[in-house]
Peer 1: 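The structure under discussion is supplied below as structure tokens; questions concerning it will follow.
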Amino acid sequence: MEPIINLKNITFRYQGEQTRAALQDVSLTVNKGEWMAIIGHNGSGKSTLAKTINGLLLPETGSVSVGQLDLNEENVWTIRKMVGMVFQNPDNQFVGATVEDDVAFGMENQGIPREEMIPRVKEALEQVKLTDFASKEPARLSGGQKQRVAIAGVVALRPDIIILDEATSMLDPEGRQEVISILKEIKEKYQLTVLSITHDIDEAANANRILVMREGRLVDEGTPAEIFSEGPSLVEKGLDLPFPERLKQALKDRGVTVPETYLTEEGMVDWLWTSILNK
Amino acid sequence: MMNKLILGRYIPGNSLIHRLDPRAKLLTSFYFIGIIFFANNWQSYLLLGLFTLFCVYLSKVDFGFFLRGVRPLLWLILFTVALQVLFTSGGEVYWEWGVFQITEFGVQNGIFIFCRFVLIIFMSTLLTLTTPPLELSDAIEFILRPLNVIHFPVHEISLMLSIALRFVPTLMDETEKIMNAQRARGVDFSEGNLIQKMKAVIPLLIPLFVSSFNRADDLATAMEARGYQGGEGRTKYRVLHWHKKDTVSVCVYAFLTVALIYLRA
Amino acid sequence: MDIDFEQVNFTYQPGSPFEQRVLYNINMTVKEGTYNALVGHTGSGKSTILQHLNALLKPTSGNVKIGERTITSETNNKNLKPIRKKVGIVFQFPESQLFEETVGKDIAFGPKNFGVSEKDALELAKEYLSLVGLDESYLERSPFDLSGGQMRRVAIAGVLAMEPEVLVLDEPTAGLDPQGRREMMAIFEQLHQTKQMTIVLVTHLMDDVANYADYVYVLEKGQLVKEGVPEEVFQDVQWLQEKQLGVPTAAAFAKRLEKKGMTFKKLPLTANELADELVARRGESL
Amino acid sequence: MKITTRNVVMVALFTALTVIGTMIKIPLPTGAFVHLGNAVLLLSVLLLGYLKGSLAGGLGFAIFDILNGYAAEAPYFIIESFIVGAAAYGLFLVYRKNPTRIWQIIVIAAGTGIVKLIMTQIKNTIRQIYLGMDFPTGFTTAALSLPATVVNVILTAILVSFLYFPLKKAMSTVL
Ligand SMILES: Nc1ncnc2c1ncn2[C@@H]1O[C@H](COP(=O)(O)OP(=O)(O)OP(=O)(O)O)[C@@H](O)[C@H]1O
Ligand SMILES: Nc1ncnc2c1ncn2[C@@H]1O[C@H](COP(=O)(O)OP(=O)(O)OP(=O)(O)O)[C@@H](O)[C@H]1O
Ligand SMILES: [Mg+2]
Ligand SMILES: [Mg+2]
């Protein structure tokens, strides 16, 4: 496994923020091709962490490297080329006047010739299934569609890493579903590394690894199975309980002995079937 | 108070006028407004009037939309015409009362002023009705481009224009939402005396500004994350295409100018 | 106070080229003291219905009876304040309506508009601020200084301080973290239980519907296509899934058990109901 | 001069706000309307500074005009914003960019308003002459339509005096 993002002992403090640093001594390695979810309460420092990765914020202490490059003033634009970001509010990241203009915005910034932009815009829009919307204005799109445009803008740049900062939290379930399934497709197709900040368990369940943040620190890390098996303490960490865990809890409250390990829905059905009902 | 998501008064269409290059439309519209100044007799006004009507016809936009463009200015037009009629002397006197008189020249000048006013409004309206806001902003960028030589920030200004246009519908939507929220909290935007009406605007404007600050902050972050670092070395996805019909339209204006100079007294 | 919709139709910008018909023949009754949920896809007209509940919008045809008042297309815009006072609406992302210098003043703004004296309004502000889980030290802070979740609470307190009889909530928990969401829903439940407040909740979260609502309306393309108590509405899991409306997680899970061969007389809607059912049937061979 | 991304975006958003302000109309008892565009322009200058604020106001008015069929006057409004903005900013400097009293804002708004009135008179006179009037008639016609602008100027002053302090504070907390 080849590491692609490396944070060492990052501390970050916002200007005028006296009480505590937004990030305190955070170290983190993300491997190539991984899907990593970051969870934690509102204000725990997730967005701040994401922004230090591509140099939108510069840490007080510690070092950041992406690919083989150390983040510094010289490399920052190269690193931003490698890291695509999708933010929370669909309205506040749409720069272009129409869908295709917005997809092209990042490429324009990199000085990619127009002849090359045209097929890339087309391909990216196909990828997010918005080909018919190329000339539409943002005001005519739903939230989910706007986020897909943002993803297309990232895809068009052929990055290695995509960071989603609560990209689905302002969407309705349908929009959320659209975005997640598109994301899965492009991750496979382009061999991307995904870092997704989320409060949504279904989204976190897609990850290979989950990181938990609290008050500016990384406090826990593990596979979804490991993290989800922690039961009710998960809520305090800023995530909902997956349904099988909730059911296990309810059964436990009723005096039923339940397995300690994490069960997926499938696993839960099997267990109930064999141990509870047909014993 | 406002129409949701209707920015400006562009009427989508596919007429010849709609398809003209926005640069051609913008430049010729201003040019036309410029040469109206040279009209000074019946013949020249007739020429410009027929030309304008012909353009209106070509645009295939319902004539009612043009009349609607005149309506808000109707009082100003009538007022101007009336004053002109009353203050001009010469020729036959039709009516007299104290210092006021209506004379032949007065009536004639009044009609001319009326024509100029209406022609200007029609041409401006034609531009608005047939050109999407975005194309206008592209055209403005192109026209400003020579100013790059004197280090005028053309790229930044056109980016400001296009971002502003992109955000107007979003903010209109937001305005409506905030108004509703404050109405639900007991604000009445249309009642009370003037000061009360002004006060009612505060709970609307402050949130609107604050949300714009937030949006600006988010947007700047998103742009930098997408590699934006100013205009240098940037390429452009949007380009305008100048076609033969645009050249022809410019030639038509040249003819119009010649004809106008020939006809004028 | 009941709110009654009779044959309500609504069109935005009627008579213009941009006219858009949004509500079709809506008949519904929000009974005093009930907890109602309104669900449906984006653009199905939920927010449009909500705005009829306090006469922010007037029906294009049909009428809405709000307590004693009847609102029709003819109704004058004057004298609607008593209605606005009785029906409090928390809009989507209500933090965007904050504007005062301090949290206290902002919460007091609504009550003051309805004629409560400055002093009493500030008392109300204090009371409702603590109800939404923020202590008094926040009263003097600028609302723009707070985190998103705290701003949301302040905005909700601003509506609650009007002491409405009917509380209307348009996706009040969108964008909050799970704990915040839970706490928020618990506050509304408490108001419903202790003050018998009538509640109308718009949500996409079927688990919230299952947990809290007495009655559900399903809206599709401006028409009410289903209504009833949650137990009934959620029985038809297949229909709901076809319409991509979502079902409570417990019901969906029970459906999986049904596929295996277990049968339910009535689909359970919450983890607790399912657990009860399972425990009751422990060891039963099916 | 390098213009930062943040400044580009701020001017763009204030431009959009000016357009919105111009669209919001408050009915007067006489049946006429005043719009809030001038208030937004003045606030832009006070909050963003001279160049950025005037640019935002000017672009906002120009966009509004072009989109609503008054294209002929659009270029003028950009110039007007910079001149009116200069008056506002000049008075703002008198208070060392930090007015602390409402009356100081009213002084700024009143001074700005006078310049606005002068500009309007000049513009309208030129328009009337362009339309074919001689100077005295044009000047008179323009002067007779000035009272509407006076009302606008007074209301702008009232509004800005309500809004400046809260917005300044909000801007410093939000950003
Ligand atoms: N621009 C800023 N200036 C000052 N403090 C800030 C700023 N942005 C965030 N903070 C503070 O830094 C801390 C971490 O914030 P951050 O936005 O990273 O949290 P988060 O985990 O992303 O939260 P959320 O789930 O709400 O998005 C919080 O205490 C927040 O108040
Ligand atoms: N002010 C308006 N003018 C014109 N059309 C509108 C207006 N507000 C809403 N609409 C349209 O009415 C329809 C219903 O909108 P509404 O906001 O009621 O839906 P909703 O069910 O609340 O959706 P969401 O879940 O996205 O909030 C949509 O098609 C919308 O575009
Ligand atoms: Mg965040
Ligand atoms: Mg809605």
Side-chain angles (χ1 to χ4, degrees), chain A residues 47 50-51 53-57 76-118 120-121 134-135 137-141 146 150 153-154 156-157 159 162-163 165, chain B residues 2-8 10 12 22 132-138 140-141 155 158-174 176-177 211-241:
Chain A
S47 302
K51 286 180 192 162
I53 293 175
N54 66 350
L56 288 172
L57 297 174
V76 66
W77 297 106
T78 322
I79 288 182
R80 284 186 196 169
K81 249 185 242 181
M82 298 162 58
V83 183
M85 275 184 102
V86 182
F87 297 91
Q88 179 175 22
N89 190 329
D91 266 319
N92 297 358
Q93 54 188 315
F94 207 114
V95 189
T98 68
V99 167
E100 52 183 335
D101 287 300
D102 191 66
V103 174
F105 179 76
M107 291 189 283
E108 292 178 327
N109 293 336
Q110 296 188 5
I112 292 171
R114 190 176 128 85
E115 307 79 65
E116 201 181 327
M117 280 197 251
I118 294 169
R120 280 218 216 167
V121 167
S135 58
E137 291 154 28
R140 317 249 161 225
L141 304 183
K146 281 181 207 151
V154 169
L157 288 176
I162 175 166
I163 301 180
D165 188 352
Chain B
M2 289 195 285
N3 280 345
K4 190 180 159 102
L5 303 184
I6 303 165
L7 172 56
Y10 170 65
L134 185 60
E135 287 192 9
L136 279 170
S137 114
D138 289 340
I140 292 169
E141 173 178 7
H155 158 75
S158 58
L159 186 60
M160 287 168 190
L161 265 180
S162 96
I163 294 177
L165 281 173
R166 177 247 165 282
F167 270 96
V168 170
T170 310
L171 293 187
M172 277 163 77
D173 220 21
E174 176 116 359
E176 198 178 297
K177 281 185 192 149
S211 105
S212 302
F213 300 157
N214 285 322
R215 288 180 196 281
D217 202 38
D218 284 1
L219 190 66
T221 307
M223 282 167 65
E224 289 187 348
R226 294 171 73 179
Y228 178 75
Q229 41 178 332
E232 242 167 89
R234 233 175 152 258
T235 45
K236 279 195 72 76
Y237 178 74
R238 282 189 90 72
V239 287
L240 294 168
H241 296 286

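We name chains A, B, ... by the order of the sequence lines, and we start the count at 1 in each one.
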Peer 1: If I measure from the heavy atoms of chain B, does A:F87 come under 4.5 Å with its side chain, its backbone, both, or neither?
Peer 2: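 It is the side chain, since no backbone atom gets that close.
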
Peer 1: Could you tell me which portion of A:E137 (side chain, backbone, both or neither) has an atom closer than 4.5 angstrom to a non-hydrogen atom of chain B?
Peer 2: neither

Peer 1: Roughly how far apart are A:W77 CH2 and B:Q229 CD, rounded to 0.5 Å?
Peer 2: 4.5 Å

Peer 1: Between B:R166 (side chain only) and A:P138 (backbone N and O only), is there a donor and an acceptor less than 3.5 Å apart?
Peer 2: no

Peer 1: How far does CG of A:N89 sit from CG of B:D218, to the nearest 0.5 angstrom?
Peer 2: 6.0 Å

Peer 1: Please flag which part of A:V86 lies under 4.5 Å from any non-hydrogen atom of chain B: side chain, backbone, both or neither.
Peer 2: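 Neither part.
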
Peer 1: Check for a donor-acceptor pair, side chain of B:E224 on one end and backbone N or O of A:L56 on the other, with a separation under 3.5 Å.
Peer 2: no

Peer 1: Any chance you could measure B:R238, atom CZ, to A:D101, atom CG, to the nearest 0.5 Å?
Peer 2: 4.5 Å

Peer 1: Tell me, side chain or backbone of A:Q88 under 4.5 Å from chain B's heavy atoms, or both, or neither?
Peer 2: neither

Peer 1: Which answer fits A:D165, side chain, backbone, both or neither, if we ask what part of it has an atom under 4.5 Å from a heavy atom of chain B?
Peer 2: neither

Peer 1: Return the minimal non-hydrogen interatomic distance between B:R215 and A:N92, and the atom names on each side.
Peer 2: NH1-OD1, 2.8 Å

Peer 1: What distance do B:D173 atom CG and A:D91 atom CG have between them, rounded to the nearest 0.5 Å?
Peer 2: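 Spacing of CG (B:D173) from CG (A:D91) equals 8.0 Å.
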
Peer 1: Name the region of A:I79, side chain, backbone, both or neither, that has any atom closer than 4.5 Å to a heavy atom of chain B.
Peer 2: neither

Peer 1: So, A:R114 side chain and B:Y237 main chain: donor-acceptor pair closer than 3.5 Å or not?
Peer 2: yes

Peer 1: State the CD-CE distance between A:Q93 and B:M223, to the nearest 0.5 angstrom.
Peer 2: 13.0 Å

Peer 1: Against chain A, label B:L134 side chain, backbone, both or neither, depending on which of its atoms sit under 4.5 Å from a heavy atom there.
Peer 2: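 For B:L134, side-chain heavy atoms alone lie under 4.5 Å from chain A.
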
Peer 1: State the NZ-CE distance between B:K236 and A:M117, to the nearest 0.5 angstrom.
Peer 2: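 The NZ atom of B:K236 sits 9.0 Å away from the CE atom of A:M117.
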
Peer 1: Would you say B:T235's side chain and A:I112's backbone share a donor-acceptor pair under 3.5 angstrom?
Peer 2: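 Yes; at least one donor-acceptor contact below 3.5 Å.
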
Peer 1: Show the nearest heavy-atom pair for residues B:A225 and A:N54, with the distance to one decimal.
Peer 2: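 B:A225 and A:N54 have their closest heavy atoms at CB-ND2, 4.0 Å.
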
